[in-house]
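Scroll down for the structure; my scribbles are underneath it.
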Amino acid sequence: MNIYVLVKRTFDTEEKLVISGGKIQEDGAEFIINPYDEYAIEEAIKVRDEHGGEVTVITIGGEDAEKQLRTALAMGADKAVLINTEDDVEELDQFTSAYILAEYLKDKEADLILAGNVAIDGGSGQVGPRVADLLDINYVTTITSLTIEGEKVTIVRDIEGDAEELETSLPLLVTAQQGLNEPRYPSLPGIMKAKKKPLEELELDDLDIDEDDVEAKTETIEIFMPPAKAAGRVLEGDISAQVTELVGLLKNEAKVI
Amino acid sequence: MSKKVLVLGETREGSLRNVSFEAIAAAKKISGGGEVVSVLLGDSVADFGAELINYGADRVITVEHPHLKSYTSDGYSQAMMAVIDQEQPQALVFGHTAVGKDLSPKIASKLQTGLISDVTDIEGEGDDAVYIRPIYSGKAFEKVKNKGDIDFITIRPNNIAPLEKQERSGDVSSLSVDITNLRTIIQNVVRKSAEGVDLSEAKVVIAGGRGVKSAEGFAPLQELADLLGGAVGASRGACDADYVDYSLQIGQTGKVVTPDLYIAAGISGAIQHLAGMSNSKVIVAINKDPEANIFKVADYGIVGDLFEVIPMLTEEFKKVM
């Protein structure tokens, strides 16, 4: 089976954000594989181990993203592709990313493409479905279970807390929701092997993409922090008095009930 | 220039979802005085048209088809594209819901437009509209402008106030669309969310953390949530410990919620959890540990045992409601 995983390098969830010069400060920050993409990588490895084939992880970004690709290879992916846009594209939006990924994938005859259902930085959840549409294949988002038997695919997906069971077929793009699996940590032998696995680096020219074709359709004009909250009140007195006071405050001061 | 705006209306368990009305209010702003047209897709939805008009839609278009009973990206995109072809809108507003999140990127791809997802506020009107959306799960926000011909956004439930409901009149028409070649067959939906109150749309969220200690420990939280018409949520710790399903997780991984009232019980307040709830309007923290991080974002705090405090709160709320 020919399996591809779309991954994104993101800020570690532990990081506090600092904005300077209108941008999120990246100096010194820790970066990780987007947590939802880790579920996608794990699932891809499991599918390959059961059905055979090859797992290729792809990312768009700069040189720095090589680290996350090596991690995916250490988990067990077979090949990695870095589409380096550093020199060509100033601002990427979801249209840009999807277009580039689809141009790469269009002649690869992928049976299964996996991605995280959302990236925890940008948080749009668009790229997976957009890529599927450009490739004219079906997609299913926020999946929590995947079973493949021949061409038939049985899926459970999370829809706002409820579980939807559905049937579809390959080729297919799915996006991973938490609960799909428990991503493995790279083993030491895995890390050693990953160093020798193929990591291909491409630029837009290699994909015959003109910069104008991928110009972002949206523009971020400002990034700002949410207004700081005033310090709250910790109530005092015995618990039952506190509870009475709290309900009074919620009703009369905060007016939320 | 005023814009014609198409709005996707959504129903859930036999009634219109609130986000449908919020989307109309958002569309009014974007329209800059232009026409707001609500779209309803389903197997039997025409009866909901009048209510959308009362909430501010100028017109309603329904597409009814047996294949639209359950949402599929193929079915809904065929219906929506047919409406778009007929109406030629300059803007589109969907809810940032399970349906909206799944469908909007496909429509944006077909229209070759940008898509600004998960919008929580709109500044300016008409051509000057600028969209505000959380990034890094609400640790920061960005202002985004559309550069193309069509403004396409999804709005986060519970953030943009709906217009006041009033008796209005408007045209409700139907469009017949041939829905073919569905590649997904929905077999079954297993309801896991109690009482049908969706976590992301709930006005009140009662969330538990590791301090709840067990699956049974969530019972008093559920009781309080039921009383207040709210939903139960959880921290990653509680989900990892298998007290509740991952679908209830609130945080940077998991759901981002912005209810009117968020009560955190036995949650320490890790930065990843705060990202998912710190933009709630009023936050109450209940925790045994007075040093817990959650008190830093709480409007009101009670230092105490949640198993003592929550049942007392439930009784006290009963008195005043």
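In what follows, every chain begins at residue 1, and chains take the letters A, B, ... in the order their sequences are listed.
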**OP:** Output the distance between atom CE (Met225(A)) and atom CZ (Phe141(B)), rounded to the nearest 0.5 Å.
**Re:** 10.0 Å
**OP:** Provide the closest heavy-atom pair for Thr220(A) versus Glu142(B) in the form atom of the first, atom of the second, distance.
**Re:** OG1-OE1, 3.0 Å
Original post:
Where on Leu172(A) is there a heavy atom nearer than 4.5 Å to chain B: the side chain, the backbone, both, or neither?
Top reply: neither
**OP:** Measure across Gly125(A) and Pro105(B) and return the closest heavy-atom pair with its distance rounded to 0.1 Å.
**Re:** O-CG, 4.1 Å
Subject >> Nearest atoms (heavy-atom pairs only) where Ser109(B) meets Arg130(A) >> reply: OG-O, 3.8 Å
Original post:
Any idea which heavy atoms bring Ile271(B) and Lys16(A) closest together, and the distance?
Top reply: CD1-CG, 3.8 Å
Original post:
Under a 4.5 Å cut-off applied to non-hydrogen side-chain atoms, are Met321(B) and Lys251(A) in contact?
Top reply: no
**OP:** Between chain A and each of Leu313(B), Asp260(B), Thr253(B), Val303(B), count heavy-atom pairs under 4.5 Å; write down the option with the most.
**Re:** Thr253(B)
Original post:
Of the backbone (N, CA, C, O) and the side chain (C-beta and beyond), which part of Leu17(A) lies under 4.5 Å from a heavy atom of chain B, both, or neither?
Top reply: side chain
Subject >> Considering all heavy atoms, the nearest Ile24(A)-Ala140(B) contact >> reply: CD1-CB, 4.4 Å
**OP:** Check whether the side chains of Gln272(B) and Glu14(A) place a donor and an acceptor atom closer than 3.5 Å, and report yes or no.
**Re:** yes
**OP:** Pick whichever of Val153(A), Ile239(A), Leu249(A), Ile159(A) has the most heavy-atom pairs under 4.5 Å with chain B.
**Re:** Ile239(A)
**OP:** Please identify each residue that fulfils ring-ring contact (aromatic ring centres under 6.0 Å, His included) with Tyr76(B), with sequence neighbours left out.
**Re:** Tyr71(B)
Subject >> Lys143(B) NZ/CZ over Phe224(A) ring centroid, <6.0 Å and within 45° of normal >> reply: yes
Original post:
With distance as the sole test, does Thr168(A) use its side chain to make a donor-acceptor pair with the main-chain N or O of Arg183(B) at under 3.5 Å?
Top reply: yes
**OP:** Taking atom types as modelled, find out whether Thr184(B) and Glu167(A) have a side-chain donor-acceptor pair closer than 3.5 angstrom.
**Re:** no
Subject >> Straight-line distance of Lys281(B) NZ to Lys255(A) NZ, nearest 0.5 Å >> reply: 15.5 Å
**OP:** Heavy-atom distances under 4.5 Å only: say whether Asp238(A) touches chain B with side chain, backbone, both or neither.
**Re:** neither
Subject >> Segment of Pro226(A) engaging chain B (4.5 angstrom heavy-atom cut-off) >> reply: both
Original post:
Hey, is the main chain of Asp102(B) close enough, under 3.5 Å, to the side chain of Tyr139(A) for a donor-acceptor pair?
Top reply: yes
Subject >> Residue pair Asp133(A), Lys110(B): steps toward the side chain to side chain contact (heavy atoms under 4.5 Å, CB included) verdict >> reply: CA-CA 8 Å; Asp133(A) 185 69; Lys110(B) 293 200 179 303; 2.7 Å; yes
**OP:** Could you please spell out the steps behind the salt bridge (charged side-chain N to carboxylate O under 4.0 Å, His left out) verdict for Asp151(B) and Lys217(A)?
**Re:** CA-CA 10 Å; Asp151(B) 277 30; Lys217(A) 304 274 188 188; over 6 Å; no
Subject >> Gap between atom CD1 of Ile221(A) and atom NZ of Lys145(B) - 0.5 Å precision >> reply: 6.5 Å
Original post:
Does Ala98(B) offer a backbone N or O that forms a donor-acceptor pair with the side chain of Glu160(A) under 3.5 Å?
Top reply: yes
Original post:
Is there a donor-acceptor pair under 3.5 Å between the side chain of Lys139(B) and the backbone N or O of Thr13(A)?
Top reply: yes
**OP:** With a 4.5 Å cut-off on heavy-atom pairs, point out which of Lys203(B), Gln112(B), Met312(B) contacts chain A the most.
**Re:** Met312(B)
Subject >> Polar contact flag, side-chain donor to acceptor under 3.5 angstrom, Tyr300(B)-Glu253(A) >> reply: yes
**OP:** Answer yes or no: is there a donor N or O on one side and an acceptor on the other, between the side chain of Gln126(A) and the main chain of Leu115(B), under 3.5 Å?
**Re:** yes
